[in-house]
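First the proteins, then the strands, lettered A, B, ... as listed; each starts at 1.
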Amino acid sequence: MGTIRFREVVKTYPGKQPVIALDRVNLDIGEGEFVALLGPSGCGKSTLLNLIAGFEEMTSGALSFNGGTVDSPGPERAVVFQEAALLPWLTVEQNIAFGPSVQKRPRAEYEPKIRELLRLVGLERFAHSLPSQLSGGMRQRVGIARALVMDPKALLMDEPFGALDAQTRMSMQQLLLDVWQSLGTTVLFVTHDIDEAILLADRICIMSARPGRITREITVDLPRPRSVDQLTDPAFIRHKAAIMAEMREAQKEHA
Amino acid sequence: MNDAPARALDAAPVPAAPKVKSRGLFPAGRTGAAMRAALLPILVIVAWQLAGSGGSLAGGVLPTPDRVWDAWVVWAFGPQGMGLNPYSGTWLSNVLFSSMRVAQGFVLAMAIGIPAGVMIGWSRAVSGTVDPTIQLLRPIPITAWLPFSIAVFGIQDMGAIFLIALGGFYPVVVNATHGARDVDRNWIRAAEMMGASRFDVLRRVVLPAALPAIFTGLRIGLGIAWTAVIVSEMVAVKSGLGYVLWDAYYVGRMDVVIADMLSIGAMGLLSDRLIVTVEHWALRWRRLQSASR
C-alpha cells in the first residue's frame, strides 16, 4: 500500500509579495509505481515532495496517502534528502538504527536488518565510520539504507543524486533500480535530469515554474529490469527526444 | 559501486602534516613551539628583575620576581600559626576555598543555563516567555549585584556562589540558545520522518547539534565565574584568593598580591583546560570532520 493523491493542491508562501509555489496540482501515484517529477530549479517540485512528506502544510486542496490525510512526517513515507542529511555525530550504523530505535522496535529485530542493508548498499566495512569520513555517494547510500530500514510504503527522494559526480551518480542509479526492482515500493523521485528521469521512472511528470504546475505526464515504456547501460539504447534516445520536444512545447505554452 | 571512499580513515592513512622547516631560533615541532611560547614571559620576568634594585621597583611599590617567589613559597609551605605572617601556609586552603565556590556556582550555572538555553532555542513559546527577561537582566554587571547579594545572603559562601552562578549563567544560556536555534533543518526533518517524537528530536538531534556552541558558552562562562569569585571574596566573604588579594593589599604586601594574581591566573587556565579536555572528548565526531576537510 502506498498510493499518493494530490487534488487541486495549492501552496503559497505569504509575504509582501506572496509566492505561489504550487498552483492547483493534480497527481495520482499508484501502488508500487515509480514517478519522476522533472522540472527546472524553483518550479516547486521539492515543495510538492515536502507536502506529501508532511514537512510543510498546503494552502488549499486535498492531499492523501493511502486514502488518509497527511498532517505530519512519518516512517511510512521515508524521505531521502539531497545532501543525505545524516546526523554527523552518529556512525553509519547508528544513523541507520535511528528510525527503529526511536520507534522503540526491539534491537534483535532491526540489527540483522541493518547488517543486510549495509551489505546491500556495499558499506559493511564502514558501519562504524562517521558520515564525514565518507564520500558523497557513500553518504547517500546510508541515506537510502536509513529510509529502507523502516519498510516504508513510499520513498520520497528529493534530487538525491544531484550533488554527485557523473560516475557515482550512475552507480547510485543502478543501485536504486536494483533495490526498487526487488522491493516494489512506491517512489516519488524529484530531479532536473532528463536522463535520470527516463532511466528510473515508469512515468514522468513535467513541471513548469511560476506558478508551479504539472504540465505534462509521459509514460516511459522501456522494459524492466533496467540498467544504466540502456542510456545509449536507441529506444532510450527516442524517449529522450520525445520528452525534450514536450518540454519545449510546455515551455512555449507557459511563456 | 565504483565511487571510492574519498576520506575513509580505515581505507587510507591520513597523510602526515608536511614537515615545518625550523625558522630562526627554534627547532621545529613541539619543543620549538614550547620554547617560542616561553620566550616572552621569560623576557618580561628578566626585565622586571633587572629594573628593580634592592628587591623592589617603582619607588618601592612593586617587588621584584624573586621577592614574589619567596612570598609565594612562604604562603604555600610556611608554618601555619599566629606569627607575623598571617598568610603563611594558607595558599592551598585558599585556592580550595575559591575553587570550590567556582565549582559549585558554575555547576549551578550549567544546570540552569544549558537546559534553559536549549529550550529557548528550540521552542518559540519558551523563547517568547523567558528570553526577554534574560535579555533585560543581562546588562546588569555582576559587580552591581554585590550589595544585593550581601543583603540577601550575608557574608558567607552562598553570596559568592550566587554571583558566580549568575555571572556564568549568561554566556552559557546565550550560547546554548544560539546552538539550539541554528540546527540544520533537514536534520530535524529527517528525525521526524523516522518517527522521532518532539522530545526525541530535542534530546537526540537538537542537544548534540548544539553541543559545540554550548562548550563555547561554558568556556566564556567559566572565565566570568573566576571574576565573580574574586570580586565577591574581596567584598563579601572572609576567605579565598580574592580575600587574600584585598587583605594583602591593605597591609601593603604587594609580593603576596602578585603571587595571588598569578595563582588566580593559573587556576583559571587549569579549569579552562579541564573544559577543553571534556569538549575534546564529547566532540570527537567534529574533530574527525575537520581533520578530513
Side-chain angles (χ1 to χ4, degrees), chain A residues 50 53-56 72-91 95 98-105 121-123 125-126 128-138 140-141 143 146-147 149-150 152 156 158 164-165 167-172 174-175, chain B residues 1-15 118 122 124 179-180 182-215 278-293:
Chain A
N50 284 344
F55 295 150
E56 297 181 46
S72 62
E76 74 283 358
R77 286 161 285 127
V79 179
V80 177
F81 296 84
Q82 179 167 7
E83 307 275 1
L86 305 177
L87 299 176
W89 52 87
L90 300 181
T91 64
N95 263 289
F98 188 96
S101 118
V102 291
Q103 292 167 40
K104 310 255 174 357
R105 300 228 297 255
V121 298
L123 289 175
R125 288 198 307 120
F126 299 95
H128 304 295
S129 300
L130 289 169
S132 57
Q133 295 171 281
L134 306 178
S135 68
M138 295 165 85
Q140 200 49 283
R141 283 190 251 155
R146 171 176 83 173
V149 76
M150 300 184 294
L156 310 174
D158 190 1
L164 306 178
D165 61 82
Q167 230 180 328
T168 307
R169 196 181 172 104
M170 269 199 281
S171 78
M172 294 297 293
Q174 189 61 58
L175 174 75
Chain B
M1 251 64 69
N2 49 8
D3 53 328
R7 302 184 290 253
L9 286 191
D10 43 351
V14 176
V118 170
W122 168 234
R124 203 163 287 181
D182 291 346
V183 179
D184 189 327
R185 188 177 62 179
N186 278 346
W187 292 349
I188 293 171
R189 284 182 167 178
E192 286 173 346
M193 165 280 280
M194 290 186 277
S197 65
R198 250 179 96 76
F199 180 71
D200 286 327
V201 172
L202 187 65
R203 192 171 67 88
R204 300 177 69 154
V205 181
V206 176
L207 187 62
L211 265 192
I214 289 174
F215 273 107
V278 177
E279 178 182 16
H280 223 61
W281 172 81
L283 302 180
R284 275 158 310 184
W285 57 274
R286 238 169 156 240
R287 216 157 60 239
L288 281 168
Q289 201 163 31
S290 50
S292 65
R293 285 265 152 84

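- Looking at A/L86, only its backbone comes within 4.5 Å of chain B, counting heavy atoms on both sides.
- Minimum interatomic distance between A/V102 and B/A196 (heavy atoms only, all atoms of both residues): CG2-N, 3.8 Å.
- How far CZ of A/F81 is from CE of B/M193: 5.0 Å, rounded to the nearest 0.5 Å.
- If you measure heavy-atom distances from A/F55 to chain B, the contacts under 4.5 Å come from both the backbone and the side chain.
- Atom CE in A/M150 sits 6.5 Å away from atom CE in B/M194 (nearest 0.5 Å).
- Contact count versus chain A (heavy atoms, under 4.5 Å) is highest, among B/I188, B/L211, B/L283, B/N186, for B/N186.
- Of all heavy-atom pairs between A/A85 and B/A190, the closest is O-CB, 4.1 Å.
- Atom CZ of B/R189 is separated from atom CD of A/E56 by 5.0 Å, given to the nearest 0.5 angstrom.
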Working for side-chain contact (heavy atoms from CB on, under 4.5 Å), residues A/L87 and B/W285: CA-CA 10 Å; A/L87 299 176; B/W285 57 274; over 6 Å; no
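- Taking CH2 from B/W187 and CH2 from A/W89, the interatomic distance works out to 5.0 Å, rounded to the nearest 0.5 Å.
- Looking at B/D200, the atoms closer than 4.5 Å to chain A (heavy atoms on both sides) all sit in the side chain, from C-beta outward.
- Atom OG in B/S197 sits 6.5 Å away from atom NZ in A/K104 (nearest 0.5 Å).
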Tell me, with the steps shown, if B/R204 and A/S101 meet side chain to side chain donor-acceptor pair (under 3.5 Å). CA-CA 11 Å; B/R204 300 177 69 154; A/S101 118; 2.8 Å; yes
